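Notes follow once the structure below has been shown.
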2 protein chains.
Amino acid sequence: MDRTIREVARRAGVSIATVSRVLNKTVPVSEDKRKRVLEAVDAVGYTPNPAAQSLLKKETGGLGVLLPYAGEEFFAELLTGADLAAQEYGYYLLICTSHRDDKTLQASIRGLDKRVDGLVVMVPEINAKELAYLAKGEDPVVCINTPLSTDAVDRINFDNFEGVRKMTAYLIANGHERIALIRGPERAHDAQKRLEGYRAAMQGAGVSDTSMLEFNGDYTKQAGYTVGEKILALDPRPTAIIAANDYCAIGVLSVLHEHGIAVPEEISVAGFDDVPSAQYAAPTLTSVRVPIREIGAAAIRRLVTRLRAKHPMPHEDQVYPVELVVRQSTAPCKDEA
Amino acid sequence: MDRTIREVARRAGVSIATVSRVLNKTVPVSEDKRKRVLEAVDAVGYTPNPAAQSLLKKETGGLGVLLPYAGEEFFAELLTGADLAAQEYGYYLLICTSHRDDKTLQASIRGLDKRVDGLVVMVPEINAKELAYLAKGEDPVVCINTPLSTDAVDRINFDNFEGVRKMTAYLIANGHERIALIRGPERAHDAQKRLEGYRAAMQGAGVSDTSMLEFNGDYTKQAGYTVGEKILALDPRPTAIIAANDYCAIGVLSVLHEHGIAVPEEISVAGFDDVPSAQYAAPTLTSVRVPIREIGAAAIRRLVTRLRAKHPMPHEDQVYPVELVVRQSTAPCKDEA
DNA sequence: CGTAATCTCGAAAACGTTTTCATGACGTGG
DNA sequence: CCACGTCATGAAAACGTTTTCGAGATTACG
């Protein structure tokens with residue numbers, strides 16, 4: 001037995017149009033037919049076929065989320081916020097990960113295009129070409145943490161520059177001079193901004209060349225661990241380390257703990273993002289709070305608003321402020337150098 | 001300009017059937033027409049409408065994943081494994097989270113049913129009724145960590161019982177006697193099994209009543225923190241704590257660190273799951289390794305295999321073995337009581 | 001009481017594909 | 001040279017909905 005609208009109509013002794021009208025409440029239907037239809041729907045266990053619906057209505061009820069990777073806490077949080085908001089609006093989420101290279105990204109976009117009504121893109125590595133490709137698709141797009149180079153999409157960023165600048169300034173104010181930085185991926189927009197914030201603050205303190213204090217990383221715990229080890233070997237040793245994100249900072253904490261180096265007594269460590277793990281790290285991690293979940297939700301809200309708008313909306317460009325969160329992993333510098 | 005197969009056919013001067021044949025390579029088409037079609041496809045920027053395709057072919061190309069929550073590292077890892085496998089097979093993933101209660105779960109299933117070709121369900125709180133509801137849907141279902149009460153679905157479990165049993169036995173072998181356990185959610189199948197494993201090992205060591213050593217938790221860091229504090233106040237204090245999962249254990253480590261209690265010297269702490277954070281905790285966390293990512297991928301593989309099978313396949317019931325991973329957070333008991 | 005307006009509802013078109021069926025061209029074997 | 005199979009191709013059906021259109025019934029009003 002197939003669960004189609006025809007079957008329901010047959011059982012209720014009405015036309016399929018009537019069934020549709022009862023279900024969608026578009027037009028009043030006489031009470032007895034309405035009742036018969038509802039009974040038949042129950043008996044058959046009918047639910048409308050979404051494919052048929054979207055074919056006709058040109059909307060799918062789905063929203064796509066493009067991420068580099070779902071395993072990191074940052075993205076997981078973002079996803080959670082997005083999912084919560086999506087459920088609230090009755091949309092479902094279609095996720096697509098691991099787009100470190102352009103080809104898979106384009107392929108994903110193509111595949112997603114007609115399957116969803118809108119797209120949230122959180123791929124800091126994205127370049128102008130990709131962005132343009134995105135923008136010329138059919139669906140509205142919200143980009144998170146992408147460079148501000150096109151105005152065909154909505155953007156939600158947070159203040160990566162100011163976050164690290166504040167963090168660096170805070171450490172400087174606490175007497176630190178040799179502050180190392182572990183960078184994020186070179187191609188990532190947000191990582192670049194964080195780097196610039198660091199340099200700006202260091203220059204403000206009279207350190208114009210920071211090249212000896214900057215280290216390559218890639219936002220992973222693993223990177224924090226290995227680079228942390230390298231930093232330890234330096235002479236003179238830095239008195240503070242700023243990691244490009246919390247995951248990386250946790251890797252640093254891990255290697256310091258293994259070497260028996262006290263944090264923050266001997267060295268201060270700071271992260272970025274304030275993922276949930278930051279406040280459960282040992283010691284608890286000084287970081288820059290980013291309302292990750294809220295941003296995920298905001299992206300979805302933006303999309304839905306745009307989809308429901310009757311008239312074209314101007315593209316917005318929102319920047320979330322960030323906040324310094326000082327915890328146990330940083331302290332005034334004790335170095336008398 | 002609409003990007004339909006008609007438009008392509010019109011430009012190429014052929015029928016829509018020919019376009020379809022060229023694209024799907026079902027039947028040979030003369031070389032010149034083939035070329036014209038391909039050019040027209042490019043010119044129009046045509047991609048087939050998935051809704052129309054699935055309406056006809058009765059398959060959507062999507063796979064659904066039901067999770068309680070995407071923010072935890074465990075689920076994030078699972079999702080990553082699933083996503084990787086799905087991409088390999090050309091399926092996309094549709095995720096649905098936060099199904100702590102039955103109603104939203106049913107609603108999600110209904111909504112997902114015709115949108116996907118198969119379902120991965122990781123909801124340890126699921127009960128028999130829900131499971132039956134799932135099984136009678138149209139799509140094949142793979143359940144992860146659910147009770148073994150129906151055989152209408154595929155199941156992938158891992159050995160929750162044996163994992164905690166081994167962990168407990170290991171601590172006992174290291175001289176620990178007062179071993180506390182922080183439970184998982186009461187309704188969760190896996191948490192229940194872990195509890196049983198603990199009790200079995202304790203009974204094996206002659207401790208028949210463990211009620212004074214068991215504490216309620218809910219798999220969160222927060223729970224680990226608060227319950228950890230409670231355990232600290234006990235007299236005599238337990239010499240080891242097994243948390244129902246790593247997240248909870250990390251919460252315990254956090255509170256111990258705050259109270260200045262040395263791990264593992266004064267107290268041993270162990271977790272379960274071996275999430276990536278476990279090896280970056282300070283100290284690194286003794287845990288039970290579960291191949292989370294592999295399990296996520298395996299679930300997808302199972303679904304795809306079933307979908308592609310020509311003939312009905314028997315339902316399988318796979319149990320992954322788990323492995324004790326001893327790290328720094330546990331040590332022989334120094335208590336001379 | 002007649003006509004116009006309102007209301008309920010069914011028939012049918014439309015959405016964009018894939019696939020079946022039919023047709024005409026062509027080559028081949030007897 | 002004719003019949004027959006093979007081959008490329010187009011016309012049309014089908015998938016399951018929503019929505020338009022029109023018809024018939026009912027109400028409202030003069």
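Lettering follows sequence order; numbering is per chain, from 1. Note: hydrogens, waters and symmetry copies are ignored here, and every other heavy atom, side chains too, is used. Because the structure is a prediction, the values reported are computed rather than measured.
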Of B:Glu31 and A:Arg6, whose nearest nucleotide on DNA chain D comes first from the 5' end?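 Nearer the 5' end of the strand: B:Glu31.
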
Given that B:Leu55 and B:Lys33 both sit by DNA chain D, which one's nearest nucleotide is further toward the 5' end?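 Looking at DNA chain D, the more 5' nearest nucleotide goes with B:Lys33.
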
Distance check: side-chain N/O of [X] vs OP1/OP2 of [N], anything under 4.0 Å?
X        : N      : value
B:Ser30  : D:dT9  : yes
A:Ser20  : D:dT18 : yes
A:Lys58  : C:dG16 : yes
A:Thr18  : C:dG10 : yes
A:Gln53  : D:dG16 : no
A:Asn24  : D:dT18 : yes
A:Lys114 : C:dC15 : no

Looking at A:Arg11 and A:Glu7, does any basic side-chain N land under 4.0 Å from a carboxylate oxygen?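 Looking at A:Glu7 together with A:Arg11, the answer is yes, because their closest N to O distance falls below 4.0 Å.
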
Does A:Glu39 come within less than 4.0 Å of A:Arg36, counting only side-chain N to carboxylate O?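 Salt bridge: no.
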
When the distance from NZ of A:Lys35 to P of C:dC9 is rounded to whole Å, what number comes out?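 After rounding, the gap between these two atoms is 15 Å.
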
Heavy-atom side-chain contact between A:Ile95 and A:Leu67 under 4.5 Å: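 No, side chains not in contact.
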
Donor/acceptor link under 3.5 angstrom from A:Arg21 side chain onto base of C:dG10: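 Between C:dG10 and A:Arg21, which were checked side chain against base, a qualifying N/O pair under 3.5 Å is present.
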
